[in-house]
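Data block below; observations after.
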Amino acid sequence: MRLNRLKSILRRELKFPYFIPSLVNIKYLTGFQGSFAYLVVDEDRVFFISDSRYEEYARSILPSSVVFVLQENDFSETLKNVVKGIGKGELYLEEHSLFLSNYLLMKRDLRGIKLVPGGDVVDRLRMIKDEDEISSIRKAAEITDACFKHLLGIIRPGIIEWDIAVEIEYFYRKNGCSGASFDSIVASGKGSSMPHYATSMVKKIERGDMLLIDMGCVYEGYNSDLTRTVFMTSIEPAFERIYSIVREAQKAALERVRPGVLTGSLDGTARGIITDAGYGKTFGHSLGHGLGLEVHELPAVKSKGDIRLRKNMVITIEPGIYIPESGGVRIEDMVLVTSNGGEVLTTSPKDITVV
Ligand SMILES: [Mn+2]
């Protein structure tokens, strides 16, 4: 059980009791899917704080080892009673998810309790996926591939970017997803030079444009992420070259995926190829990221990344080259780290595609 795995890490790191404000982490640990809850994990007891809106639901799904605590006034007063009841002089805090406003309330109300930064233990735990998680992620990747295939059948010059984004969302929901994992990026022509372009409600895709589509769905709570760049009716030689460089960089990184490889060194593999081809300055973002319950989670696959890949991590590999005022190319796939390599979960075609 995930709570037990968390407790064994907290025991090793001497971080009891541990305060978790992140709803996604609470969902991961307890199954609770609501908009208001806090978790306090002590060595032998776990306290789940929420308000009356969620009491009946939470009590019905929480494991029997978890104590439901009803919050009536400020959360910090309720938290104080929980922490006083535990009887230790300190509380370890999950770092990335705690709002400063809540921290200030805790400083006010938890007098006598030392508030200690506690790292992001649950996020690190979430890096390694279990079999159920992998099967949901696999399915999310499959649906995204199917969606991309569907798009290839409908995109043509004259279609508005926004209409493709709408089609993506419709396809996802029709195929069992709760929705898209982020606003789809549908960037045509010069718009593709901006890695996080905002899809236009009015811009039509024109002949001769490149078209970068970055999309993902949420299936059973798990995210997918896929980017392909295709060309409308024709391709300029300069972009044919850029496409080949990005593809080569992605291929080299994908081939290096296996347990033990440093995320920073993986980023370096792709970045080195792009830099050697003279485009280093045009690849401003990191090579990839973990994904799971969140579309961006640990480990970051970035140039100074110091996390080593381990079996059952799921990451993206997404190098890109972006020429301002001209256009950009990005190719992104999801990869599962296996015991001796990587299994690419997204299988949409990567040969140069002229639609
Ligand atoms: Mn991505």
Side-chain angles (χ1 to χ4, degrees), residues 24 123 126-127 129 133-134 136-148 151 164-165 168-169 172 177 179-187 191-199 210-219 221-230 243 246-247 249-254 256-257 263-264 266-271 274 282-305 307 309 313-322 328-337 342-350:
V24 61
D123 296 81
R126 278 173 42 205
M127 292 195 296
K129 271 64 181 179
E133 295 184 288
I134 290 169
S136 299
I137 292 170
R138 227 180 246 292
K139 184 74 184 170
E142 259 173 44
I143 294 169
T144 306
D145 278 330
C147 182
F148 184 73
L151 294 181
I164 296 176
I168 291 170
E169 298 215 1
Y172 287 156
C177 300
S181 43
F182 53 90
D183 286 345
S184 307
I185 297 172
V186 179
S192 61
S193 72
M194 291 172 261
H196 273 192
Y197 173 79
T199 303
M210 64 196 64
L211 178 64
L212 184 157
I213 302 179
D214 187 349
M215 58 197 235
C217 66
V218 185
Y219 182 79
Y222 284 83
N223 290 275
S224 61
D225 202 355
L226 171 81
T227 307
R228 288 292 183 268
T229 309
V230 299
Y243 191 95
V246 173
R247 186 160 179 204
Q250 201 223 17
K251 181 164 183 273
L254 286 172
R256 277 204 63 214
V257 171
T263 45
L266 194 59
D267 179 288
T269 296
R271 200 168 299 280
I274 290 174
T282 70
F283 176 28
H285 58 75
S286 51
L287 180 63
H289 51 87
L291 83 175
L293 285 173
E294 291 175 292
V295 67
H296 294 134
E297 57 181 49
L298 294 179
V301 185
K302 57 184 182 184
S303 57
K304 288 185 178 158
I307 296 175
L309 295 183
M313 283 182 172
V314 179
I315 58 170
T316 66
I317 303 284
E318 48 179 307
I321 292 178
Y322 311 91
V329 171
R330 175 164 69 253
I331 306 174
E332 172 179 30
D333 283 302
M334 296 162 57
V335 201
L336 168 69
V337 182
E343 179 191 343
V344 183
L345 300 179
T346 37
T347 57
S348 292
K350 287 185 273 193

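Read the numbers this way: they start at 1 and go in the same order the structure lists the ligands and their atoms. Scope of the values below: all heavy atoms of this structure, side chains included, with no hydrogens, waters or symmetry mates.
Of all non-hydrogen atoms in Gly179 and Tyr172, the two that sit nearest each other are O-CD1, 4.0 Å. Taking every heavy atom of both residues into account, Met215 and Phe148 meet most closely at CE-N, 3.5 Å.
Counted by atom type alone, Ser303 and Asp267 present zero donor-acceptor pairs between their side chains at under 3.5 Å. Defined by atom type and a distance below 3.5 Å, a donor-acceptor pair is present between the side-chain atoms of Thr347 and Asp145.
Among protein atoms, those of element N, O or S found less than 2.8 Å away from the Mn ion (ligand 1) are Asp225 OD2, His289 NE2, Glu318 OE2, Glu332 OE2.
For the pair Arg138 and Glu343, the salt-bridge criterion is met [side-chain N within less than 4.0 Å of a carboxylate O].
The ring of His196 has its center no closer than 6.0 angstrom to the ring center of Phe182.
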